Amino acid sequence: MATRKISVIIPVYNAERYISETIESVLNQTGCELEIIVVDDGSTDTTQQVVALFGDRVRYLQQQNAGPAAARNLGVSVARHDWIAFLDADDLWAPDKLQRQLEMAESTGASVVYTNTRNFGDLNCVAELRMSPQNMPAGDVFAALLMDNFMTLSSVTIRKDAFLQAGGFRERYFGTEDWDLWLRLAASGVRFAAVPEALTLYRWHSTSLSKNHRRMKMLREETLRAALAAPGTHTVTVGLRRRAVANMLATSAWFIEQAEPGQALGWYLSALLQWPLKLQVWKSMVKVVLRLISGFCSEPVAIAAQPEVAGGAAI
């Protein structure tokens, strides 16, 4: 059997605390020949010195700060191998992660393979396991992706030619650039495969929910709107469109409900106007109403209790 070869792209910005452990998790991969490309997106800490300790086992590139999408695109542009894997600078992989994915690609002919994900770190508001292993979409995943992005970016491997044909990450979608790319790939007919085991470890930080949620909602709306306007060969029914919009609104509401419960209530209501049959959204809305009435700050809901994507997998 020919040696499986893969290029690993790691965008990094001020990640001196985690980058060494992340690189080690790549070097520990079994069953494949690796090329590790770290793209420094204008770090101002000691990231460069930490990466330098790995010597010629890592290719180190630098760019002016332009965001992780630009860094990943740069990494892919210089990658030597036909398969690409993405890994964020604070996430980790199980030792057989890449081997299992490349074997899955060989057996299915898929151009994109993702794994299940286990969250670790500050888990006070998220479930440990990302998805139900029995309900991970595969094959034609366009309709499932319209519901939301069920793939952790660090879990994805992709054929380089498929990535380039799709045009790579669109850098203006800062925060949803991965969802946008997966949607474009799926719309073009690219087949996806899933490894049900949680071979990707996503580091959840206590600040993970402190993003600009209003901006993220706008980006989700724009990303979904673009996908619905260019569905490729797929037929988007009125029902599917309304469910997708409802799920986008409910997801945005979930992220903001701790900081701005009033805004979350408005987005939950909008979601129900689009698709009133989502029991979990009703439950979430009632919870927010009770919080607003009582002023009591309830415990965050686990990700597994968020709106569901097609196929039953929790987003």
Side-chain angles (χ1 to χ4, degrees), residues 86 91 93-94 96-97 100-101 103-105 107-120 123 125-158 176 178-183 185-187 189-202 204 220 223-224 227-228 231 234-237 239-255 271 274-284 300-315:
F86 299 109
D91 293 342
W93 286 341
D96 59 343
K97 187 258 190 189
R100 293 287 306 280
Q101 287 181 285
E103 289 173 349
M104 180 67 75
S107 65
T108 63
S111 294
V112 181
V113 183
Y114 70 104
T115 78
N116 207 344
T117 298
R118 189 173 304 280
N119 295 309
F120 73 105
L123 299 182
C125 59
V126 293
E128 183 180 4
L129 195 63
R130 172 83 172 176
M131 302 181 70
S132 167
Q134 294 76 31
N135 294 308
M136 295 176 65
D140 181 355
V141 300
F142 181 72
L145 278 169
L146 285 176
M147 296 300 105
D148 211 335
N149 183 12
F150 52 81
M151 294 187 294
T152 304
L153 180 53
S154 292
S155 79
V156 172
T157 62
I158 182 173
T176 61
D178 54 336
W179 188 28
D180 168 70
L181 176 58
W182 314 150
L183 282 163
L185 287 163
V190 168
R191 310 294 287 183
F192 289 61
V195 176
E197 289 79 16
L199 304 179
T200 301
L201 305 178
Y202 177 84
W204 192 277
R220 291 188 192 100
T223 301
L224 181 58
L228 292 171
H234 298 77
T235 299
V236 179
T237 64
L240 179 59
R241 179 184 297 269
R242 293 178 70 89
R243 286 173 56 208
V245 173
N247 224 52
M248 179 275 298
L249 290 164
T251 297
S252 299
W254 181 85
F255 274 103
Q274 289 289 332
W275 195 255
L277 303 179
K278 295 291 290 186
L279 179 60
Q280 182 56 50
V281 178
W282 282 102
K283 291 179 178 179
S284 297
V301 178
I303 276 185
Q306 292 181 70
E308 293 182 344
V309 300
I315 62 175

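These numbers were taken from a predicted model, which means no experiment stands behind them.
- Atom CE of residue Met131 and atom CZ of residue Arg118 lie 14.0 Å apart, to the nearest 0.5 angstrom.
- Proximity of Lys283 to Leu279: side-chain heavy atoms (C-beta onward) are separated by under 4.5 Å at one or more points.
- Although no hydrogens or angles enter the test, the distance criterion places no donor-acceptor pair under 3.5 Å between the side chain of Thr152 and the main chain of Ser154.
- A distance of 12.5 Å separates CH2 in Trp204 from CZ in Phe120, rounded to the nearest 0.5 Å.
- In this structure Phe192 satisfies the ring pair (Phe, Tyr, Trp, His ring centres under 6.0 Å) test with no other residue, sequence neighbours excluded.
- Leu185 and Val112 make their closest contact through CD1-CG2, 4.2 Å (heavy atoms, listed as atom of the first residue, atom of the second, distance).
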**Request:** Check the pair Trp182, Leu153 against side-chain contact (heavy atoms from CB on, under 4.5 Å), reporting the backbone distance first and the verdict last.
**Result:** CA-CA 10 Å; Trp182 314 150; Leu153 180 53; 3.5 Å; yes
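- Ser252 and Arg220 share a donor-acceptor pair across their side chains, judged by distance under 3.5 Å alone.
- The shortest distance between side-chain heavy atoms of Arg243 and Met147 falls below 4.5 Å.
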**Item:** CA sep, side-chain torsions, deciding dist, call: Thr176, Thr223, side-chain hydrogen bond (donor to acceptor under 3.5 Å, both in side chains)
**Value:** CA-CA 7 Å; Thr176 61; Thr223 301; 2.8 Å; yes
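- The main-chain N or O of Asn119 is never found under 3.5 Å from a side-chain atom of Glu128 such that the two would form a donor-acceptor pair.
- Scanning all heavy atoms of the two residues, the minimum distance from Leu146 to Ala244 falls at O-CB, 3.5 Å.
- The only member of Asn135, Val141, Asn116 that meets side-chain contact (heavy atoms from CB on, under 4.5 Å) when paired with Phe150 is Val141.
- Remark: Asp148 CG to Leu224 CG distance equals 9.0 Å, nearest 0.5 Å.
- Across every non-hydrogen atom of Thr237 and Leu240, the tightest pair is OG1-N, 3.1 Å.
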**Message:** Checking Val113 against Val156 for the side-chain contact (heavy atoms from CB on, under 4.5 Å) test, could you report, in this order, the C-alpha distance in whole Å, the side-chain angles of both residues, the deciding distance, and whether it holds?
**Reply:** CA-CA 6 Å; Val113 183; Val156 172; over 6 Å; no
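- Taking the centre and axis of the six-membered ring of Trp93, the NZ or CZ atom of Lys97 falls inside the cone set by 45° and 6.0 Å.
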**Request:** Would you please test Gln101 and Thr115 for side-chain contact (heavy atoms from CB on, under 4.5 Å) and show each step?
**Result:** CA-CA 8 Å; Gln101 287 181 285; Thr115 78; 3.5 Å; yes
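- Annotation for Gln274 and Arg242: closest pair O-NE, 3.0 Å, computed over non-hydrogen atoms.
- Side-chain polar atoms of Thr200 and Thr117 form no donor-acceptor pair below 3.5 angstrom.
- Heavy atoms only, all atoms of each residue included: Ala138 and Ala193 are closest at CB-CA, 4.3 Å.
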**Asked** Between Leu201 and Asp91, does a side-chain contact (heavy atoms from CB on, under 4.5 Å) hold up when you go through it step by step?
**Response** CA-CA 6 Å; Leu201 305 178; Asp91 293 342; over 6 Å; no
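- For Asp180, the salt bridge (charged side-chain N to carboxylate O under 4.0 Å, His left out) partners at least two apart in sequence or on another chain are Arg170, Arg184.
- A distance of 10.5 Å separates OG1 of Thr251 from CG of Asn149, quoted to the nearest 0.5 Å.
- Taking Ser111 as the reference, nothing meets the side chain to side chain donor-acceptor pair (under 3.5 Å) condition, with sequence neighbours excluded.
- A distance-only check finds no donor-acceptor pair linking the side chain of Gln134 to the backbone of Pro196 [under 3.5 Å].
- Residue Val195 comes nearest to Met136 through the heavy atom pair O-CE, 3.6 Å, listed as atom of the first residue, atom of the second, then distance.
- Judged purely by atom type and a 3.5 angstrom limit, Trp275 has no side-chain atom pairing as donor or acceptor with the backbone of Arg241.
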